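Let me begin by presenting the structure, written as structure tokens, before commenting on it.
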Amino acid sequence: MQITPIPCLSDNYAYLVVDDATGTAAIVDPSEDAPVRAAVDARGITPRDIWCTHHHHDHVGGNEAIAEHYGTAVLGHVSDKGRIPAQTKEVATGDTFTLGSLAVSVIHIPGHTLGAVAYVVKDEASGEQAVFTGDTMFLGGCGRLFEGTPAQMNTSFEALMALDPKTKVYCGHEYTASNLRFAKHVEPSNEAIDVAVARTTELRASGKPTVPGTLAEERATNPFVRIDSAEIRKTLGIAADASGGEALGAIRKAKDDFK
Ligand code: ZN
Ligand code: FE
């Protein structure tokens, strides 16, 4: 499988997913029409699907033009019907389908929005697996809680972290550098964050995306995964017996206020 990030707007990523075996292709979160069509046309392919992680405009802004131009199906969560432009298919947790030789499954991950979904793509031939997390899980961070509760976001993170740790993470925005700055602030002794910062600095200095990361790296660095860290709880004054949802809510609040 080939996954190509397509930079859109100021810091969004759309993605082009191509199954090498059959040439079957999907676009994830086309923020806007022009850069996505340029990337698709450069490959000379016709995408079969658009996979939407959630209804926000900076993820679906290109849906209508792209769907009309290529005759593309548009997938989004069943609860997002009416909010995702040009949606033709409703998906929910447990849904599975194929993209050529690739196996795709859907997980509902509410929190950033109530209809947020992740698409998990497995290439049986190479053993590679990828997850598209939209604005729910970022590298080193999580999205703002516009519609869901901290407890929902925590449950969604648990669902993502239950996947194989080698799974590559493709998220909706290039926020990694600022996320890691906050991660280090709340967990200063975590050396895995230093490694991630060095990697991020080098990639960004040469104009490259930080995606993909891996779930193993998120386990080691992301404060919204590391809600049980004694150091994070101490830094932010979160009680040792606070629930996962309470801890995530406190960390999210601290991130909202962090300059
Ligand atoms: Zn969003
Ligand atoms: Fe977004």
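Index from 1, following the sequence. Atoms within a ligand are numbered from 1 in the order they appear, just like the ligands themselves. None of these values were measured; they are calculated from a predicted model.
- A single hydrophobic cluster is not seen to contain both Ile45 and Trp51; linkage of ILVMFWY side chains at heavy-atom distances under 4.5 Å, directly or through other members, places them apart.
- Using a 4.5 Å cut-off on side-chain heavy atoms (C-beta onward), Asn179 and Leu139 make no contact.
- Around the Fe ion (ligand 2), the protein atoms of type N, O or S that sit closer than 2.8 Å are Asp58 OD2, His59 NE2, Asp135 OD2, His173 NE2.
- Counting only residues at least two apart or on different chains, the side chain to side chain donor-acceptor pair (under 3.5 Å) pairs with a member in residues 87-108 are Asp19-Ser101.
- When distances to the Zn ion (ligand 1) are checked against a cut-off of 2.8 Å, His59 contributes no N, O or S atom below that limit.
- A donor-acceptor pair is defined here as one N or O able to donate and one able to accept, closer than 3.5 Å; no such pair exists between the side chain of Asn154 and the backbone of Leu248.
- Taking backbone and side-chain atoms together, Asp135 has an N/O/S atom less than 2.8 Å away from the Zn ion (ligand 1).
- With contacts defined as side-chain heavy-atom distances shorter than 4.5 Å, the pair Val17/Leu102 qualifies.
- The Zn ion (ligand 1) is closest to atom NE2 of His54 (considering only N, O or S atoms).
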Glu147 vs Thr113, side chain to side chain donor-acceptor pair (under 3.5 Å): CA-CA, chis, key distance, verdict: CA-CA 5 Å; Glu147 297 175 10; Thr113 65; 4.5 Å; no

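- Here the side chains of Ser189 and Glu231 are in contact, with some heavy-atom distance below 4.5 Å.
- The ND1 atom of His56 and the NE2 atom of His112 meet at the Zn ion (ligand 1) at an angle of about 90°, given to 10°.
- Listed for the Ser156 side chain is a donor-acceptor partner under 3.5 Å among the backbone atoms of Pro110.
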